[in-house]
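A short worksheet on the structure shown next.
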Amino acid sequence: MSCNFSEIEENIYTDEEAELHAKEVGVDPRPKETKAEIDERGAFIRQPNAFTVPFGEKENDNHAEANRFAIYWAHGCHWSNRPVIVRDILGLTDVIGDVATTHTGKKNIYGHGFADSPEHKDPLCGAYFLSELYKNGNPDFGGRATTPAFVDVKEKKVVNNDYHRLTNYIEVQFRKFQPEDAPDLYPVKYRREIDEFNDWLFPAVNNGHYRMAFCQSWEAYEEAYNDFFDAVEKLDKRLAENRFLFGDYITDSDIRLYVTLVRWETSYYHNVGPMKKRITEYKNLWGYVKELFSLPVFKKYTFFEFHKNDTPGIFASYPKRIAAQVPYEKLWATDGERKALSKDPDHVFKKHPDGETVEEYQSVISTTKWNSADWADRNPMERTLSQDASINPISSKLRD
(Lines give C-alpha, C1' and ligand atoms only; values in the text may rest on other atoms or scores of the structure.)
Protein backbone atom coordinates (compact mmCIF):
# COMPACT_ATOMS: atom_id res chain seq x y z
CA MET A 1 0.00 0.00 0.00
CA SER A 2 1.50 3.32 -1.04
CA CYS A 3 1.36 6.42 1.14
CA ASN A 4 1.12 9.94 -0.23
CA PHE A 5 3.04 12.08 2.26
CA SER A 6 1.68 15.33 0.81
CA GLU A 7 -1.88 14.17 1.49
CA ILE A 8 -0.95 13.42 5.09
CA GLU A 9 0.64 16.82 5.45
CA GLU A 10 -2.47 18.50 4.06
CA ASN A 11 -4.70 16.73 6.58
CA ILE A 12 -2.70 17.83 9.62
CA TYR A 13 -4.88 20.01 11.84
CA THR A 14 -2.63 22.80 13.07
CA ASP A 15 -3.21 25.27 15.87
CA GLU A 16 -3.12 28.02 13.24
CA GLU A 17 -5.96 26.41 11.30
CA ALA A 18 -7.98 25.97 14.48
CA GLU A 19 -7.48 29.65 15.27
CA LEU A 20 -8.73 30.67 11.83
CA HIS A 21 -11.84 28.48 12.11
CA ALA A 22 -12.55 29.79 15.61
CA LYS A 23 -12.47 33.38 14.39
CA GLU A 24 -14.65 32.49 11.40
CA VAL A 25 -17.46 30.98 13.50
CA GLY A 26 -16.97 32.97 16.72
CA VAL A 27 -15.90 30.15 19.04
CA ASP A 28 -14.14 30.89 22.34
CA PRO A 29 -11.31 28.80 23.82
CA ARG A 30 -12.41 25.79 25.83
CA PRO A 31 -12.65 26.59 29.58
CA LYS A 32 -10.12 24.74 31.75
CA GLU A 33 -11.33 22.32 34.43
CA THR A 34 -8.50 23.33 36.73
CA LYS A 35 -9.66 26.94 36.66
CA ALA A 36 -13.44 26.86 36.42
CA GLU A 37 -14.30 23.70 38.37
CA ILE A 38 -12.20 23.87 41.54
CA ASP A 39 -13.81 24.66 44.90
CA GLU A 40 -12.35 26.48 47.89
CA ARG A 41 -10.74 23.26 49.18
CA GLY A 42 -8.94 22.65 45.93
CA ALA A 43 -11.30 19.83 45.00
CA PHE A 44 -12.50 19.23 41.46
CA ILE A 45 -16.29 19.64 41.26
CA ARG A 46 -17.34 18.62 37.77
CA GLN A 47 -19.68 20.99 35.93
CA PRO A 48 -23.32 19.87 35.74
CA ASN A 49 -24.66 18.85 32.38
CA ALA A 50 -26.30 21.76 30.60
CA PHE A 51 -28.74 19.91 28.33
CA THR A 52 -30.88 17.70 30.55
CA VAL A 53 -34.34 17.86 28.98
CA PRO A 54 -35.24 14.16 29.01
CA PHE A 55 -36.42 11.92 26.25
CA GLY A 56 -39.97 10.99 27.18
CA GLU A 57 -43.63 11.26 26.35
CA LYS A 58 -44.43 14.69 27.82
CA GLU A 59 -45.04 17.68 25.55
CA ASN A 60 -41.77 19.45 26.35
CA ASP A 61 -39.65 16.29 26.37
CA ASN A 62 -37.36 15.27 23.55
CA HIS A 63 -39.12 12.60 21.52
CA ALA A 64 -37.44 9.49 20.15
CA GLU A 65 -37.30 9.49 16.37
CA ALA A 66 -35.39 7.33 13.92
CA ASN A 67 -32.57 8.97 11.94
CA ARG A 68 -33.02 12.30 13.72
CA PHE A 69 -30.22 12.09 16.29
CA ALA A 70 -26.54 11.25 16.48
CA ILE A 71 -24.19 10.57 19.39
CA TYR A 72 -21.09 12.76 19.31
CA TRP A 73 -18.36 10.88 21.17
CA ALA A 74 -14.59 10.64 21.52
CA HIS A 75 -12.31 7.61 21.53
CA GLY A 76 -10.57 8.66 24.74
CA CYS A 77 -13.73 9.68 26.64
CA HIS A 78 -15.22 6.88 28.69
CA TRP A 79 -18.36 8.91 29.36
CA SER A 80 -19.07 8.90 25.64
CA ASN A 81 -18.07 5.30 24.95
CA ARG A 82 -21.08 4.28 27.07
CA PRO A 83 -23.95 5.40 24.78
CA VAL A 84 -22.39 4.00 21.59
CA ILE A 85 -21.90 0.63 23.30
CA VAL A 86 -25.54 0.65 24.45
CA ARG A 87 -26.74 1.72 21.00
CA ASP A 88 -24.85 -1.13 19.36
CA ILE A 89 -25.98 -3.74 21.89
CA LEU A 90 -29.60 -2.73 21.34
CA GLY A 91 -29.38 -2.91 17.56
CA LEU A 92 -29.93 0.79 16.96
CA THR A 93 -27.02 1.60 14.64
CA ASP A 94 -29.44 2.29 11.78
CA VAL A 95 -31.62 4.47 14.02
CA ILE A 96 -29.11 6.64 15.94
CA GLY A 97 -26.04 7.90 14.12
CA ASP A 98 -22.67 8.81 15.58
CA VAL A 99 -19.71 11.10 14.98
CA ALA A 100 -16.32 10.59 16.63
CA THR A 101 -14.69 13.88 17.61
CA THR A 102 -10.97 14.68 17.86
CA HIS A 103 -8.71 17.34 19.30
CA THR A 104 -8.45 20.63 17.40
CA GLY A 105 -4.84 21.36 16.63
CA LYS A 106 -1.90 20.19 18.74
CA LYS A 107 -2.84 22.25 21.80
CA ASN A 108 -6.59 21.57 21.56
CA ILE A 109 -7.39 25.12 22.63
CA TYR A 110 -10.92 24.96 21.24
CA GLY A 111 -11.86 21.48 22.39
CA HIS A 112 -13.67 18.83 20.37
CA GLY A 113 -13.33 19.11 16.62
CA PHE A 114 -13.33 16.91 13.54
CA ALA A 115 -9.74 16.46 12.37
CA ASP A 116 -10.52 13.11 10.73
CA SER A 117 -13.20 14.55 8.43
CA PRO A 118 -12.77 16.35 5.08
CA GLU A 119 -12.01 20.05 5.57
CA HIS A 120 -12.00 19.24 9.31
CA LYS A 121 -15.76 19.72 9.43
CA ASP A 122 -18.44 17.72 11.19
CA PRO A 123 -19.71 15.36 8.45
CA LEU A 124 -23.35 15.59 9.60
CA CYS A 125 -23.81 19.24 10.57
CA GLY A 126 -20.89 21.03 8.94
CA ALA A 127 -19.49 22.53 12.16
CA TYR A 128 -15.80 23.01 12.87
CA PHE A 129 -16.25 22.58 16.62
CA LEU A 130 -18.64 20.65 18.84
CA SER A 131 -19.12 23.85 20.82
CA GLU A 132 -20.93 25.35 17.81
CA LEU A 133 -23.65 22.74 18.23
CA TYR A 134 -23.82 23.56 21.92
CA LYS A 135 -24.34 27.22 21.08
CA ASN A 136 -27.01 26.28 18.57
CA GLY A 137 -28.82 24.51 21.40
CA ASN A 138 -28.32 27.37 23.85
CA PRO A 139 -26.72 30.66 22.72
CA ASP A 140 -25.90 31.46 26.37
CA PHE A 141 -23.93 28.26 26.97
CA GLY A 142 -20.50 29.14 28.41
CA GLY A 143 -19.17 25.89 29.87
CA ARG A 144 -17.10 23.09 28.41
CA ALA A 145 -18.61 21.41 25.37
CA THR A 146 -18.32 17.76 26.35
CA THR A 147 -18.95 14.32 24.92
CA PRO A 148 -21.23 12.49 24.77
CA ALA A 149 -23.62 14.93 23.16
CA PHE A 150 -26.91 13.85 21.63
CA VAL A 151 -27.34 16.05 18.57
CA ASP A 152 -30.46 16.75 16.54
CA VAL A 153 -28.84 16.56 13.11
CA LYS A 154 -31.83 18.17 11.38
CA GLU A 155 -31.71 21.28 13.55
CA LYS A 156 -27.94 20.99 14.05
CA LYS A 157 -28.00 21.45 17.79
CA VAL A 158 -27.28 19.56 21.00
CA VAL A 159 -30.47 18.45 22.75
CA ASN A 160 -29.02 16.34 25.57
CA ASN A 161 -25.55 15.85 27.05
CA ASP A 162 -26.63 14.17 30.28
CA TYR A 163 -24.27 11.18 30.45
CA HIS A 164 -25.90 10.28 33.78
CA ARG A 165 -29.12 9.27 32.03
CA LEU A 166 -28.42 9.25 28.29
CA THR A 167 -27.98 5.48 28.08
CA ASN A 168 -31.28 5.06 29.94
CA TYR A 169 -33.09 7.18 27.36
CA ILE A 170 -31.64 5.02 24.58
CA GLU A 171 -32.67 1.87 26.43
CA VAL A 172 -36.20 3.00 27.24
CA GLN A 173 -37.46 5.68 24.86
CA PHE A 174 -35.88 4.07 21.80
CA ARG A 175 -37.27 0.65 22.74
CA LYS A 176 -39.82 0.80 19.91
CA PHE A 177 -36.99 0.88 17.36
CA GLN A 178 -35.11 -2.07 18.87
CA PRO A 179 -35.40 -5.61 17.50
CA GLU A 180 -37.86 -7.78 19.41
CA ASP A 181 -35.01 -9.89 20.76
CA ALA A 182 -32.89 -6.90 21.87
CA PRO A 183 -31.37 -7.40 25.35
CA ASP A 184 -32.89 -5.76 28.41
CA LEU A 185 -30.14 -3.64 29.97
CA TYR A 186 -32.50 -1.70 32.22
CA PRO A 187 -35.24 -4.01 33.54
CA VAL A 188 -38.35 -2.19 34.72
CA LYS A 189 -38.41 -4.15 37.96
CA TYR A 190 -34.94 -3.05 39.04
CA ARG A 191 -34.56 0.51 37.79
CA ARG A 192 -34.54 1.99 41.29
CA GLU A 193 -31.61 -0.22 42.32
CA ILE A 194 -29.73 0.43 39.08
CA ASP A 195 -30.23 4.20 39.29
CA GLU A 196 -29.12 4.27 42.92
CA PHE A 197 -26.02 2.23 42.12
CA ASN A 198 -25.12 4.37 39.09
CA ASP A 199 -25.37 7.55 41.14
CA TRP A 200 -23.04 5.98 43.75
CA LEU A 201 -20.63 4.78 41.06
CA PHE A 202 -20.26 8.21 39.47
CA PRO A 203 -18.34 10.19 42.14
CA ALA A 204 -16.17 7.41 43.54
CA VAL A 205 -15.29 5.39 40.44
CA ASN A 206 -16.31 6.97 37.11
CA ASN A 207 -15.18 10.43 38.21
CA GLY A 208 -12.45 9.20 40.56
CA HIS A 209 -9.55 9.73 38.17
CA TYR A 210 -10.59 13.27 37.36
CA ARG A 211 -10.97 14.16 41.02
CA MET A 212 -7.34 13.07 41.49
CA ALA A 213 -5.99 14.46 38.21
CA PHE A 214 -7.56 17.93 38.41
CA CYS A 215 -7.61 18.67 42.14
CA GLN A 216 -5.29 21.35 43.51
CA SER A 217 -4.74 20.20 47.10
CA TRP A 218 -3.43 17.13 48.92
CA GLU A 219 -6.60 17.03 51.01
CA ALA A 220 -8.77 16.71 47.91
CA TYR A 221 -6.39 14.21 46.30
CA GLU A 222 -6.30 11.91 49.32
CA GLU A 223 -10.07 12.10 49.64
CA ALA A 224 -10.57 11.05 46.01
CA TYR A 225 -7.84 8.39 46.22
CA ASN A 226 -9.43 6.72 49.24
CA ASP A 227 -12.90 7.00 47.70
CA PHE A 228 -11.85 5.19 44.56
CA PHE A 229 -9.94 2.32 46.13
CA ASP A 230 -12.53 1.80 48.88
CA ALA A 231 -15.19 1.53 46.19
CA VAL A 232 -13.11 -0.84 44.08
CA GLU A 233 -12.63 -3.15 47.08
CA LYS A 234 -16.39 -3.32 47.54
CA LEU A 235 -16.97 -4.07 43.87
CA ASP A 236 -14.35 -6.82 43.85
CA LYS A 237 -16.12 -8.40 46.81
CA ARG A 238 -19.50 -8.09 45.09
CA LEU A 239 -18.20 -9.78 41.96
CA ALA A 240 -16.97 -12.77 43.93
CA GLU A 241 -20.58 -14.00 44.02
CA ASN A 242 -22.09 -12.28 40.99
CA ARG A 243 -21.06 -12.81 37.38
CA PHE A 244 -22.06 -9.23 36.66
CA LEU A 245 -22.95 -6.36 38.99
CA PHE A 246 -26.58 -7.35 39.38
CA GLY A 247 -26.25 -11.08 38.84
CA ASP A 248 -26.41 -13.25 35.76
CA TYR A 249 -26.88 -10.60 33.09
CA ILE A 250 -25.21 -7.43 31.90
CA THR A 251 -27.01 -4.21 32.83
CA ASP A 252 -26.49 -0.53 32.13
CA SER A 253 -24.28 -0.40 35.25
CA ASP A 254 -21.77 -2.92 33.88
CA ILE A 255 -21.16 -0.75 30.83
CA ARG A 256 -20.47 2.26 33.06
CA LEU A 257 -18.02 0.35 35.21
CA TYR A 258 -16.22 -1.39 32.34
CA VAL A 259 -15.26 1.71 30.37
CA THR A 260 -13.75 3.28 33.50
CA LEU A 261 -11.81 0.21 34.64
CA VAL A 262 -10.26 -0.16 31.18
CA ARG A 263 -8.77 3.31 31.45
CA TRP A 264 -7.58 2.81 35.01
CA GLU A 265 -5.59 -0.21 33.94
CA THR A 266 -4.18 1.21 30.71
CA SER A 267 -3.98 4.98 31.03
CA TYR A 268 -5.06 6.80 34.18
CA TYR A 269 -1.95 5.87 36.15
CA HIS A 270 -0.19 8.57 34.08
CA ASN A 271 -2.04 11.25 36.00
CA VAL A 272 -2.89 9.91 39.45
CA GLY A 273 0.56 9.00 40.75
CA PRO A 274 1.14 5.86 42.84
CA MET A 275 -1.54 3.21 42.48
CA LYS A 276 -2.69 1.31 45.55
CA LYS A 277 -3.36 -1.71 43.36
CA ARG A 278 -3.73 -2.28 39.64
CA ILE A 279 -7.05 -3.58 38.37
CA THR A 280 -5.26 -6.81 37.47
CA GLU A 281 -4.59 -7.37 41.19
CA TYR A 282 -8.30 -7.59 42.01
CA LYS A 283 -9.09 -11.19 41.15
CA ASN A 284 -12.81 -10.80 40.58
CA LEU A 285 -12.72 -7.39 38.90
CA TRP A 286 -9.96 -8.54 36.56
CA GLY A 287 -11.86 -11.64 35.52
CA TYR A 288 -15.01 -9.57 35.09
CA VAL A 289 -13.33 -6.96 32.87
CA LYS A 290 -11.71 -9.63 30.72
CA GLU A 291 -15.03 -11.39 30.19
CA LEU A 292 -16.68 -8.16 29.05
CA PHE A 293 -13.72 -7.43 26.78
CA SER A 294 -14.27 -10.83 25.13
CA LEU A 295 -17.64 -9.59 23.79
CA PRO A 296 -17.21 -7.93 20.36
CA VAL A 297 -19.25 -4.81 21.20
CA PHE A 298 -17.07 -4.05 24.23
CA LYS A 299 -13.85 -4.80 22.38
CA LYS A 300 -14.96 -2.52 19.52
CA TYR A 301 -15.03 0.49 21.84
CA THR A 302 -11.88 -0.36 23.82
CA PHE A 303 -9.07 1.76 22.42
CA PHE A 304 -5.81 0.59 23.96
CA GLU A 305 -3.77 2.26 21.23
CA PHE A 306 -5.32 5.66 21.95
CA HIS A 307 -3.35 5.89 25.20
CA LYS A 308 0.09 5.03 23.82
CA ASN A 309 1.23 8.63 24.02
CA ASP A 310 4.63 9.86 25.13
CA THR A 311 5.67 12.31 27.81
CA PRO A 312 8.46 14.67 26.74
CA GLY A 313 11.57 14.66 28.92
CA ILE A 314 14.93 12.99 29.51
CA PHE A 315 13.49 9.65 30.56
CA ALA A 316 11.29 7.75 28.14
CA SER A 317 7.85 7.17 29.59
CA TYR A 318 6.20 3.81 30.18
CA PRO A 319 3.96 4.27 27.10
CA LYS A 320 7.05 4.97 24.99
CA ARG A 321 9.09 2.03 26.26
CA ILE A 322 6.52 -0.66 27.00
CA ALA A 323 2.92 0.06 25.99
CA ALA A 324 3.37 -0.75 22.30
CA GLN A 325 4.66 -4.20 23.27
CA VAL A 326 1.86 -5.11 25.65
CA PRO A 327 0.02 -8.25 24.35
CA TYR A 328 -3.45 -6.96 25.24
CA GLU A 329 -5.36 -9.64 23.34
CA LYS A 330 -3.56 -12.39 25.30
CA LEU A 331 -3.68 -10.65 28.69
CA TRP A 332 -7.36 -9.76 28.37
CA ALA A 333 -8.47 -13.22 27.21
CA THR A 334 -11.15 -14.66 29.50
CA ASP A 335 -10.81 -18.15 30.98
CA GLY A 336 -14.57 -18.61 31.22
CA GLU A 337 -14.51 -19.33 34.96
CA ARG A 338 -17.08 -16.65 35.78
CA LYS A 339 -19.77 -18.59 33.94
CA ALA A 340 -20.01 -20.78 37.02
CA LEU A 341 -21.54 -17.85 38.92
CA SER A 342 -24.58 -17.87 36.63
CA LYS A 343 -27.56 -20.20 36.33
CA ASP A 344 -27.75 -19.20 32.66
CA PRO A 345 -24.05 -19.41 31.74
CA ASP A 346 -24.48 -19.33 27.96
CA HIS A 347 -26.27 -15.97 27.91
CA VAL A 348 -25.00 -12.62 29.14
CA PHE A 349 -28.02 -10.47 28.26
CA LYS A 350 -31.44 -10.63 29.89
CA LYS A 351 -34.47 -11.11 27.69
CA HIS A 352 -37.51 -8.91 28.07
CA PRO A 353 -40.40 -10.68 29.83
CA ASP A 354 -42.73 -12.52 27.46
CA GLY A 355 -45.62 -10.33 26.42
CA GLU A 356 -44.11 -7.10 27.72
CA THR A 357 -45.25 -4.22 25.50
CA VAL A 358 -43.29 -1.13 24.55
CA GLU A 359 -45.73 0.95 26.58
CA GLU A 360 -45.16 -1.19 29.69
CA TYR A 361 -41.42 -0.78 29.29
CA GLN A 362 -41.54 2.99 29.08
CA SER A 363 -41.34 5.11 32.19
CA VAL A 364 -40.17 8.54 33.26
CA ILE A 365 -36.41 8.33 33.76
CA SER A 366 -35.30 9.53 37.17
CA THR A 367 -33.37 12.76 37.67
CA THR A 368 -29.94 12.90 39.28
CA LYS A 369 -28.52 15.38 41.76
CA TRP A 370 -25.24 15.41 39.82
CA ASN A 371 -26.85 17.82 37.35
CA SER A 372 -27.74 20.33 40.05
CA ALA A 373 -26.56 23.90 39.50
CA ASP A 374 -25.63 24.03 43.20
CA TRP A 375 -22.06 22.92 43.88
CA ALA A 376 -23.07 21.76 47.36
CA ASP A 377 -25.44 19.23 45.81
CA ARG A 378 -22.61 17.92 43.64
CA ASN A 379 -20.20 17.45 46.57
CA PRO A 380 -18.83 13.95 45.83
CA MET A 381 -18.77 13.12 49.55
CA GLU A 382 -22.53 13.57 49.80
CA ARG A 383 -23.75 10.24 48.47
CA THR A 384 -25.54 7.25 49.93
CA LEU A 385 -26.63 3.77 49.00
CA SER A 386 -29.43 1.99 50.79
CA GLN A 387 -27.23 -1.12 50.87
CA ASP A 388 -23.46 -1.54 50.94
CA ALA A 389 -22.02 -1.55 47.41
CA SER A 390 -20.30 -4.88 48.01
CA ILE A 391 -23.73 -6.53 48.10
CA ASN A 392 -26.03 -7.06 45.11
CA PRO A 393 -29.42 -5.73 46.30
CA ILE A 394 -31.24 -7.89 43.77
CA SER A 395 -31.39 -11.25 45.51
CA SER A 396 -32.82 -12.91 42.41
CA LYS A 397 -29.78 -11.84 40.37
CA LEU A 398 -32.07 -10.73 37.49
CA ARG A 399 -33.28 -14.31 37.01
CA ASP A 400 -36.99 -13.54 37.34
For a ring pair (Phe, Tyr, Trp, His ring centres under 6.0 Å) with Tyr128, tell me which candidate from His21, His120, His112 qualifies. His21
Under 6.0 Å from the six-membered ring centre of Tyr210 and within 45° of its axis: does the NZ or CZ of Arg46 meet both? yes
To check you understand the geometry: which heavy-atom pair defines the closest contact between Ala389 and Leu235, and what is its length? O-CD2, 4.5 Å
For the ring pair (Phe, Tyr, Trp, His ring centres under 6.0 Å) test, which of Tyr134, Tyr110, Tyr72 pairs with Phe129? Tyr110
Do Thr34 and Gln216 pair up side chain to side chain, a donor and an acceptor below 3.5 Å, judged on atom types alone? no
Of Tyr258, Phe298, Phe304, the one forming a ring pair (Phe, Tyr, Trp, His ring centres under 6.0 Å) with Phe293 is Phe304
What about Ile89 and Ile170, same hydrophobic cluster or not, with Ile/Leu/Val/Met/Phe/Trp/Tyr joined at side-chain heavy-atom distances under 4.5 Å? yes
Can you see whether Phe44 has Arg211 sitting over its ring - NZ or CZ less than 6.0 Å from the centre and within 45° of the normal? no
Say whether His347 and Asp344, considering side chains only, have a donor N or O and an acceptor N or O under 3.5 Å apart. yes
Parallel, tilted or perpendicular: which one describes the rings of Phe229 and Tyr225, with boundaries at 30° and 60°? tilted
If you measure only the distance, is there a donor-acceptor pair under 3.5 Å linking the side chains of Asp162 and Asn371? yes
Can a donor-acceptor pair be found between the side chains of Thr368 and Asp199 at a distance below 3.5 Å? yes
Ionic contact status for Arg243 with Glu291, cut-off 4.0 Å: yes
Which atoms form the tightest heavy-atom contact between Val53 and Asp61, and what is the distance? CG1-CA, 4.1 Å
Validate the cation-pi geometry between Arg238 and Phe246: distance from NZ or CZ to the six-membered ring centre under 6.0 Å, angle to the ring axis within 45°. yes
In terms of hydrophobic clustering (I, L, V, M, F, W, Y; side-chain heavy atoms under 4.5 Å; direct or indirect links), are Phe150 and Tyr163 co-clustered? yes
For residues Tyr361 and Asp184, is any side-chain donor paired with an opposing acceptor at under 3.5 Å? yes
Ring geometry between Tyr221 and Trp218 (parallel below 30°, tilted from 30 to 60°, perpendicular above 60°): parallel
Out of curiosity, Thr146 OG1 to Gln47 CD, how far, rounded to the nearest 0.5 Å? 6.0 Å
Do Arg263 and Asn81 have side-chain N/O donor and acceptor atoms under 3.5 Å apart? yes
